[in-house]
*Asks:* 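Have a look at this one.
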Amino acid sequence: MSETKNPLAQLNDHGQSPWLDFVSRSLLESGELVKLIERDGVRGVTSNPSIFEKAIGQSTEYDPQLKETLDRGDLDISTLYETLAITDISHAADQLYPVWEQTKGQDGYISLEVSPYLALRTQDTIDEARRLWQTVDKPNLMIKVPGTEAGVPAIETLIADGININVTLLFSLKAYDAVAWAYIKGLEARVAKGEDISHIASVASFFVSRIDASVEKEVERKLKAGEGDADVLRSLQGKVAIANAKMAYQHYKKLIADPRWKALEAKGAHPQRLLWASTGVKSKDLPDTLYVETLIGANTVNTMPPATMDATRDHGKIATTIEDDLEAAQKTLHDLAAQGISLDQITTDLVVDGVQRFADDADKLYGAVAQRRAQFFDGEATRSVISFGSDALKKDVETETETWRHDGLIRALWRGEKTLWTNADEDKWIGWLHIVEQELADAATLTRFAQHVQEGGYTDVVLLGMGGSSLGPEVLSKTFGQRSGWPIFHMLDSTDPAQVKAIRDAVALPTTLFIVSSKSGSTLEPNIFKQYFYEAAGKNGRHFVAVTDPGSHMEEVARQDGFADIFHGVKSIGGRYSVLSKFGLVPAAAIGIDVPAFLSKTLEMVHACGPYAPPAQNPGLQLGLALGVAATKYKRDKVTLIASPGIADIGAWLEQLLAESTGKQGKGLIPVADEPRLDPTAYGNDRFFAYIALKDGEDAEQAAFVAALEKAGHPVARLTVPSTLHIGQEFFRWEIATAVAGAILDINPFDQPDVEASKIKTRELTASVEKTGSLPEEKPFFTGEGIALYADPRNAAAFGTPTSLAAALKIHFDRIGSGDYAALLAYIERTEAHEAAMQDIRAQILNAKHVATCLGFGPRFLHSTGQAYKGGPNSGVFLQITTEDAQDQPVPGQSYGFSIVKAAQARGDFDVLAERGRRALRVHFTSGVESGLTTLADAVRQALS
Ligand SMILES: O=P(O)(O)OC[C@H]1O[C@](O)(CO)[C@@H](O)[C@@H]1O
Ligand SMILES: O=C[C@H](O)[C@H](O)COP(=O)(O)O
């Protein structure tokens, strides 16, 4: 060896291994790392989230790999980041491998940190470390685990697994002691299992410069405040961190002299070396090699950022120093305490701050990856623009976005942490978050089913179900339309006998496939629909399939009656979140929709809304925050849905999602779908508009109307759907948005407590029919003009003895105040003509009162908006419409027909509305629906004129 070693390379001679605290694609590809190893004796590399943020987030070095990866297909942001990081880590491991071999596993390591988001959760840290260890699969990898309280048991378990661990974020002797013992215990556990411990390596990364930076701040504060002894305070600068590290080294010596350690050493264990981390000086007043020169000693590592490494190579003074001036070090620590600065407090705060800093940098890193994903992958999933209408709402949403980012709340949502909502059982209801990937993996089942439908020569498919079991399939069938060569889709979600009969008449029974859909399997309607059509179809179970949750009553029925197939739902998915599970997909497959293509497109939105997507760019989160903040802070709780004609039916699905999820405990979002238009300036300040626009399918008038709404200062979320195949993206976006809005509203978005109440009332009424043969007598407070008016005593008192229907309606409508909504609940056949007639009546109320108006057909809406009407804010004014039915249809096996069921449902509904103190009036048509509708429309006109 003729050449003199540069100072950096001399460190090895003092028993210290220099490691590089940096990694990047160019460092590895340019041969720079190999040069550092060969020329400077560098023996390892460390990375952390901040380092990857610099490498990936602030350069274009990774663009080629990103592009190439995305060209093969979309990935979620964390997988995308990991693909890049793991490529670097593996590459670095290969370049360091010769060092690992030469030093017999003492050095030659590359460290990869577990996600900082997990630093406070033990089991997640263990799972993540194991996953990374297996994925990288290199013997010279170290997994970095924070030395937090949650990290300590993880370290013990991982060491016992045989994984090399770099314990990071250590600041205090106490924390160091805990992790040192975790290492010892982990090794002992291996010995107890008879496993080898000679190949396991670990370092304890003691952070240096951050301590001095904190002390400096405290010293400056004290000097400014004139507290303490100024000279002593000044003398502390640049000394405390080194003193603390020196004490750690003394502790290390004690630990390796402990008999428990000695026993392990005898079995070939490597000591857990102290690694000086955070050795780049943070203060410009301190020498750049300070945290190198003062901490040199046997069996230590110093991981240096490139600048510190360059400075050391250039002018470092290398000598063994770690045990120099121990007394002075002790005095420094004593002086610090005497000046009233608590090192304990500083180090405690630094752990919290360290976790947050790494998480903040990880947020930036994922943000940068997300941006590149958007740039290189034309996923189109994020095309949404929210115009807030006011700076205040915009600012509040931004503040809320920052809270969600800082506190990692979107990840809490994806983990199903129930504290995000009401701490009830929300964690049991998040299966919908992962259903798209799961259904994609099971796509073959649906392809087989589609084939079965085609081979069966079916002309018609009839879906029998309510709410979440029917609204999604309805959107899909209307959005995709009749596919040539595939059966015609029909749906029954009404107990109106005329509607039941209309479906029966519309289909060719011998070539009809019935899909009986009910998650619970116990819902009244699908059960009686099945009885009716099973009889009608000659009890031929082969023409029936069931979609239901495993073990339900419906499954039992399906088995008994020999159904052709039974498809299972997922128990952790509630009805209104089930459209992307078999509940939406079985009917989709039956009418010829390309399910895998549909799901693949949907997955792009799942990725865009994923746990690692930056909150400001997460389309579902942004929509949910806007909805939640607008409702809670600005009373803009009437979510008015406007959709392009080609996807218009999504409004009905959204009504259920929003209303049933959020309308409870006197709070909630009131969805307003398919409402006639009003002059944009005439709307109240209680509206939030959402415009779901089909690209290339926009209606010009509608688009102009939306632009005018924005101009008038209303908040408008514009969501662009690139094509009908993208409709699944809207399902997922809105599911996330609803769950988020639920968190802001502080309700459980996954239960429907008030729907049950009217079901109970209905059951009581049908039970009484069983006994007496008819529904209990009720007394109208007005009859005439072919109608009868009913109300509970409290509501009836408001009407006195009206002289006409119009007079009663006037009293009723006069009860509507600003901020209220008027709802029409029509228990009549849902035909185009009836819908048009009801929409006319709705328009009259809207034009006269300028309040939000809703229209629901019973009993369909009971499984949708019904929850919010009863459990949501008491701002609804309800007009229930019932009719004498011209003709009944029997319910096989029951003493009553559909007409009685529908009447019992309407009465049960009304009773609960009354019980909840709602303003409600029931108009009953005694001479049939057609004349009743004409009479009602006239009376409404008079009442409002
Ligand atoms: O699929 P099921 O269990 O028959 O339920 C139908 C609908 O009834 C409700 O449970 C209550 O209305 C909805 O949430 C659900 O979508
Ligand atoms: O393992 C290395 C640490 O993550 C790194 O040294 C921290 O350094 P910093 O305090 O400069 O961020």
Side-chain angles (χ1 to χ4, degrees), residues 19-23 44-54 109-113 116 142 144 146-147 166-171 203-214 241 275-282 291 301-305 307-308 350 353-354 357-358 361 429 463-472 493 516-527 529-530 546-549 552-554 569 571 573-579 581 583 653 656-657 659-661 750-759 859-868 870 905 909:
W19 287 11
L20 175 68
D21 199 11
F22 187 68
V23 76
V45 174
T46 50
S47 69
N48 64 32
S50 312
I51 288 171
F52 271 119
E53 196 280 317
K54 241 186 234 127
Y109 290 95
I110 167 76
S111 293
L112 173 62
E113 192 153 339
M142 273 192 179
K144 276 175 102 171
N166 174 343
V167 184
T168 186
L169 284 176
L170 287 174
F171 297 92
V203 289
S205 291
F206 214 82
F207 277 47
V208 187
S209 73
R210 292 191 195 186
I211 293 184
D212 275 349
S214 292
L275 174 150
W276 311 128
S278 187
T279 54
V281 284
K282 302 290 185 285
Y291 303 120
V301 179
N302 192 322
T303 192
M304 302 172 210
T308 309
L350 278 171
D353 171 75
R357 264 160 71 173
F358 280 153
D361 279 344
W429 295 104
L463 182 99
L464 308 172
M466 302 303 292
S469 297
S470 59
L471 295 167
D493 63 353
V516 192
S517 263
S518 173
K519 272 194 84 65
S520 60
S522 57
T523 304
L524 171 74
E525 296 91 330
N527 273 287
F529 298 158
K530 180 257 155 191
V547 188
T548 190
D549 278 359
S552 78
H553 164 73
M554 183 66 75
K571 277 204 167 157
I573 303 179
R576 56 190 176 271
Y577 292 83
S578 70
V579 60
S581 75
F583 286 91
W653 177 83
Q656 183 197 13
L657 181 72
E660 211 174 61
S661 302
F750 308 120
D751 67 359
Q752 52 283 331
D754 301 284
V755 176
E756 199 47 35
S758 49
K759 281 190 188 166
R860 168 182 158 107
F861 79 85
L862 289 179
H863 297 274
S864 164
T865 46
Q867 165 62 41
K870 298 178 188 82
Q905 289 177 310
D909 176 30

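Just the heavy atoms: all of them, side chains too, but no hydrogens, waters or symmetry mates, feed the values below. Here the structure is a predicted model, which means the values were calculated and not measured. Order of appearance sets the numbers: ligands from 1, and atoms from 1 within every ligand.
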*Asks:* In this structure, which one of Arg860, Arg576, Met466 forms a side-chain contact (heavy atoms from CB on, under 4.5 Å) with Leu471?
*Replies:* Arg860
*Asks:* So which heavy atom on Ala241 is nearest to which on Asp212, and how close?
*Replies:* N-OD1, 2.9 Å
*Asks:* Using the side-chain contact (heavy atoms from CB on, under 4.5 Å) definition, which of the options Ile51, Thr308, Thr279, Leu275 pairs with Asp21?
*Replies:* Ile51
*Asks:* State, to 0.1 Å, how close Ala277 and Ser205 come at their nearest heavy-atom pair, and which atoms those are.
*Replies:* CB-CB, 4.2 Å
*Asks:* Numbering the atoms of ligand 2 from 1, which are under 4.0 Å from a heavy atom of Lys144?
*Replies:* 1 (O), 2 (C), 3 (C), 4 (O)
*Asks:* Which atoms of ligand 1 have any heavy atom of Lys519 under 4.0 Å away?
*Replies:* 1 (O), 2 (P), 3 (O), 4 (O)
*Asks:* For atom 6 (O) of ligand 2, grab the closest protein heavy atom and report residue, atom and distance to one decimal in Å.
*Replies:* Asp21 OD2, 2.5 Å
*Asks:* Starting from atom 7 (C) of ligand 2, locate the nearest protein heavy atom and write down its residue, its atom name and how far away it is, to 0.1 Å.
*Replies:* Phe207 CE2, 3.6 Å
*Asks:* With respect to Ser111, which candidate in Val203, Val45, Thr46, Asn48 satisfies the side-chain contact (heavy atoms from CB on, under 4.5 Å) definition?
*Replies:* Thr46
*Asks:* Side chains of Ser578 and Ser581: donor-acceptor distance under 3.5 Å anywhere?
*Replies:* no
*Asks:* Which ligand 1 atoms are under 4.0 Å away from a heavy-atom of Gln656?
*Replies:* 13 (C), 14 (O), 15 (C), 16 (O)
*Asks:* Which pair of heavy atoms, one from His553 and one from Gly521, lies closest together, and at what distance?
*Replies:* CD2-O, 3.4 Å
*Asks:* Which residue holds the protein heavy atom closest to atom 10 (O) of ligand 1, what is that atom called, and what is the gap in Å?
*Replies:* Lys759 NZ, 4.1 Å
*Asks:* Going by the atom numbers of ligand 1, which of them fall below 4.0 Å from some non-hydrogen atom of Gly467?
*Replies:* 16 (O)
*Asks:* Examine Ser864 against ligand 1 and note whether any of their N/O atoms are separated by less than 3.5 Å.
*Replies:* no
*Asks:* If the threshold is 4.0 Å, N to carboxylate O, is there a salt bridge linking Asp361 and Lys54?
*Replies:* no
*Asks:* In terms of residue, atom name and distance, what is the protein heavy atom nearest to atom 8 (O) of ligand 2?
*Replies:* Ser278 CA, 3.4 Å
*Asks:* For ligand 1, which atoms sit closer than 4.0 Å to a heavy atom of Thr523?
*Replies:* 2 (P), 3 (O), 4 (O), 5 (O)
*Asks:* Shortest non-hydrogen contact from Lys282 to Ser209?
*Replies:* NZ-OG, 2.9 Å
*Asks:* Regarding Arg357 and the six-membered ring of Phe207, is the cationic atom NZ or CZ under 6.0 Å from the ring centre and inside 45° of its axis?
*Replies:* no
*Asks:* Taking all non-hydrogen atoms of both residues, which atom of Ser517 and which atom of Pro526 are closest, and how far apart?
*Replies:* O-CB, 4.0 Å
*Asks:* List ligand 2 atoms under 4.0 Å from Phe358, heavy atoms only on the residue side.
*Replies:* 4 (O)
*Asks:* What do we get for Lys282 next to ligand 2 when only non-hydrogen atoms under 4.0 Å count, side chain, backbone, both or neither?
*Replies:* side chain
*Asks:* Run the numbers for me: atoms of ligand 1, each under 4.0 Å from some heavy atom of Ser518, listed by number.
*Replies:* 1 (O), 2 (P), 3 (O), 4 (O)
*Asks:* Please state which protein non-hydrogen atom is closest to atom 12 (O) of ligand 2 and give its distance, to 0.1 Å?
*Replies:* Arg210 NH2, 2.8 Å
*Asks:* Under 4.0 Å from a heavy atom of Val755: give me the atoms of ligand 1 that qualify, with their elements.
*Replies:* 11 (C), 12 (O)
*Asks:* Using the rule given for side-chain contact (heavy atoms from CB on, under 4.5 Å), can you reason through Phe22 versus Thr303, listing the C-alpha separation, both sets of side-chain angles and the distance that settles it, and then say yes or no?
*Replies:* CA-CA 9 Å; Phe22 187 68; Thr303 192; over 6 Å; no
*Asks:* Which protein heavy atom lies closest to atom 8 (O) of ligand 1, and at what distance to 0.1 Å?
*Replies:* His863 ND1, 2.9 Å
*Asks:* Give the residue, atom name and distance (to 0.1 Å) of the protein heavy atom nearest atom 6 (C) of ligand 1.
*Replies:* Met466 O, 3.2 Å
*Asks:* Within a distance under 4.0 Å of any heavy atom of Asn48, pick out the atoms of ligand 2 and give their elements.
*Replies:* 3 (C), 4 (O), 5 (C), 7 (C)
*Asks:* What part of Glu660, side chain from CB on, backbone N/CA/C/O, both or neither, has a heavy atom under 4.0 Å from ligand 1?
*Replies:* side chain
*Asks:* May I ask which of Gly866, Ser520, Ser470, Gly468 has a heavy atom nearer to atom 16 (O) of ligand 1 than the others do?
*Replies:* Gly468
